[in-house]
Amino acid sequence: MRVKGFSFRGNPVTITDMEMLDSLRPYYEEEEILLLEEALKKPSTHALYLNHHLISDEDFQALYPGLRAHPFIPHAYYFEQEDALGKSLLHNIGGFYILDAASMVSPYFLSPKKGERILDIAAAPGGKTSILSLMLEDGVLLSNDLSYKRALELSGNVERLGLSNVVVTSGDFEAAHPQYEEYFDAIMLDAPCSGSAMFRKDARLEQDWSKEKVLKNHEVQLRLLHLASTMLRPGGRILYSTCSFSYEEDEGSVLGFLKEHEDFEAVPLMDHPCFYHHKDLPEGIHLFPSHYEGEGQFLCLLRKKGEKEGTIFEKGRAFAGKLDPILKDFDLEGKDIRLHNDALYALPHPMRVSGLSLLRYGVKLGETSPRFLPDIALARALGKGHDIPLIKEKALAYLAGETFPLDGGDGFRVVSYLGIPLGFVKLTKGVAKNHYPKGLRRRY
Ligand code: SAM
């Protein structure tokens, strides 16, 4: 936040706000700019996407009756800051992902179809990836980010939510893209941008903002759109989005791309009273906080003309060695098993990983050396149906790292709370030795 101007409801309007709003004036009606200016003075809203694979909407609403459902995105809810959901046990064990309500709309419109192979090019920290993964039935998702540090965070979120169909990589497709020619059925390109639509939530973005950066981002966006176009099969779709209000990064980038790529077309999407469309690109959607309850976002769905058959997956590679007996319980038959850095991973179907650093190949089953030790990711992603339910008191003891008495057969067993797998214990004669990772242990 550079220099404070005047203040409204505790939110200062700054010189940067003004510069940014001024830069929109050549493109949007004055009335829209004034409405946006008013909206930026108001407090942000808070929203989450429910991990409906782990907890049903009915059970979640019973736990948190005060939440409001999103008007058109299933499993999405608004909450009040006082609810402190980010610090809750349910959040820590993967019950939901907290993200801005505007950020949920692009994965909703990319709308993964059964059996697809999807790429999320710039995926960290993983809000859109989480929604895509949960929407995707019997398919696989490659989620990448240029920044290795951010890709680690992405991988952590994939693990927390127990997502089993996600490969996490780090790299730039500038070098890797020839190895993925027409490989994907759908691509999410949530492009790096100036972030003006996130000013209310992150003041650092505001400090960094300048018109020069907007124009520089526009060049990066054109480059990423072009790379995406080469990796998409004919008939496939790209969902382009930014969290910028700037025309140059939004309509400007899409129109610039379409001018050079006649084999692509913009696709009209469902309309809603809270969407704003610019006349130059009526298929694009602006979510302005003046009309939509959330921060800002721009999105546009692009289709590659023509038709090529969608993905037919090759057979998964079974692990050549003998799998530890505990793995036999986890329905791994037919999955693609891969050894990476002395650990075993499983993905529903094989995914090409070339020219990128691999962080995670689906579910980490466990370290193999010196002997097989099951990983928490195995419990989180595949533990449902294999679990010993714990009462709240024991679940809290487990998450704090305690050893406690528990009935059940000897061996590695998954323990759960509210039907959500928490992790492994090793049961020996009625005593559960705690295998919850030390770094995650916490008292609630
Ligand atoms: N889609 C993410 C989500 O929902 O959590 C947010 C993505 S953020 C808007 C943009 C991301 O692009 C940043 O994490 C940044 O590190 C990444 N990035 C920047 N340049 C990139 C490139 N050339 N290839 C891949 N990722 C890139």
Side-chain angles (χ1 to χ4, degrees), residues 47-49 73 76 96-110 112 118-136 141-161 163 166-177 180 184 186-199 201-202 204-205 208-209 213-214 216-231 238-246 249-250 253 287 294-300 353 355-359:
L48 63 86
Y49 190 81
I73 301 181
F96 50 85
Y97 192 106
I98 294 178
L99 77 168
D100 180 63
S103 301
M104 302 176 186
V105 181
S106 39
Y108 171 76
F109 278 128
L110 184 58
I118 298 182
L119 170 63
D120 188 352
I121 293 190
K128 292 179 171 92
T129 272
S130 301
I131 299 178
L132 291 170
S133 161
L134 291 167
M135 290 176 79
L136 178 60
L141 173 61
L142 175 58
S143 295
N144 176 73
D145 203 276
L146 179 64
S147 153
Y148 193 84
K149 198 168 156 231
R150 285 175 64 84
L152 277 173
E153 194 186 344
L154 164 68
S155 184
N157 277 324
V158 167
E159 178 160 308
R160 180 175 62 83
L161 271 81
L163 306 175
V166 185
V167 175
V168 177
T169 59
S170 179
D172 192 334
F173 282 97
E174 190 67 55
H177 75 99
Y180 295 92
F184 295 101
I187 297 181
M188 177 84 227
L189 174 51
D190 189 29
C193 68
S194 64
S196 46
M198 289 292 162
F199 279 5
K201 285 213 159 153
D202 188 347
R204 281 167 307 173
L205 291 169
D208 259 11
W209 189 91
K213 286 197 175 146
V214 167
K216 230 169 147 181
N217 276 314
H218 165 73
E219 295 304 323
V220 174
Q221 290 151 2
L222 285 179
R223 181 175 73 85
L224 289 174
L225 272 165
H226 171 69
L227 293 176
S229 74
T230 66
M231 297 189 279
I238 297 176
L239 194 304
Y240 175 81
S241 61
T242 74
C243 51
S244 164
F245 293 131
S246 294
E249 297 182 87
D250 296 346
S253 289
L287 300 170
E295 304 306 302
Q297 191 94 174
F298 169 81
L299 56 118
C300 187
V353 184
L356 304 163
S357 304
L358 178 64
L359 282 85

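When a ligand or atom number is given, it counts from 1 through the structure's own listing order. All heavy atoms count here, side chains included; hydrogens, waters and symmetry mates do not.
Listed by number with element, the atoms of ligand 1 under 4.0 Å from a non-hydrogen atom of L224 are 23 (N). In the vicinity of I121, heavy-atom distances shorter than 4.0 Å reach the ligand 1 atoms 25 (C), 26 (N). Taking every non-hydrogen atom of P125 and a distance limit under 4.0 Å, the qualifying atoms of ligand 1 come out as 5 (O). Within the listing of ligand 1, atoms 23 (N) sit less than 4.0 angstrom from a heavy atom of D172.
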(request) Show your working on side chain to side chain contact (heavy atoms under 4.5 Å, CB included) between Y108 and I131 and close with a plain yes or no. (result) CA-CA 8 Å; Y108 171 76; I131 299 178; 5.9 Å; no
(request) For I118 and L142, run side chain to side chain contact (heavy atoms under 4.5 Å, CB included): C-alpha distance rounded to whole Å, both residues' side-chain angles, the deciding distance at 0.1 Å, then the answer. (result) CA-CA 6 Å; I118 298 182; L142 175 58; over 6 Å; no
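Rounded to the nearest 0.5 angstrom, S229 OG and I238 CD1 are separated by 6.0 Å. Of the inter-residue distances, the one linking F109 atom CZ with M104 atom CE reads 14.0 Å to the nearest 0.5 angstrom. Atoms OG1 and OH, on T169 and Y148 in that order, are 10.5 Å from each other to the nearest 0.5 Å.
Contact annotation for R223 and ligand 1: only side-chain heavy atoms (C-beta onward) come within less than 4.0 Å of the ligand. Here K128 has heavy atoms under 4.0 Å from ligand 1 in both its backbone and its side chain. Using a 4.0 Å cut-off between heavy atoms, L146 contacts ligand 1 through both its backbone and its side chain.
Contact analysis leaves S103 out of contact with ligand 1, as no non-hydrogen atom separation drops below 4.0 angstrom. Residue contact check for ligand 1: C243 places no non-hydrogen atom closer than 4.0 Å to it.
Atom 2 (C) of ligand 1 has as its closest protein heavy atom A124 O, 3.2 Å. From the protein, the heavy atom lying nearest to atom 9 (C) of ligand 1 is D190 OD2, 3.7 Å. Here the protein heavy atom with the shortest distance to atom 12 (O) of ligand 1 is A122 CB, 3.2 Å.
Nearest heavy atoms, N157 versus P125: ND2-O, 3.0 Å.
Between the side chains of S194 and N217, not a single donor N or O lies within less than 3.5 Å of an accepting N or O. Side-chain polar atoms of Q297 and T242 form no donor-acceptor pair below 3.5 angstrom.
Not a single donor-acceptor pair under 3.5 Å links the side chain of D250 to the backbone N or O of L299.
Other residues, nucleotides and ligands contribute over 12 non-hydrogen atoms within 6.0 Å of the NZ atom of K201.
For ligand 1, the polar-atom distance check against D145 finds a nitrogen or oxygen pair separated by under 3.5 Å. Geometrically, ligand 1 and G126 share a nitrogen or oxygen pair separated by less than 3.5 Å. Residue N144 places no N or O, backbone or side chain, under 3.5 Å from any N or O of ligand 1. Taking distance alone, with nitrogen or oxygen atoms compared against 3.5 Å, A191 stays at or beyond that limit from ligand 1. Of the N or O atoms in T129, none lie within a sub-3.5 Å distance of an N or O in ligand 1.
Residues Y49 and F96 keep their aromatic ring centres 6.0 Å or farther apart.
The residue among S147, A151, P192, S241 with a heavy atom at the shortest distance from atom 20 (N) of ligand 1 is P192.
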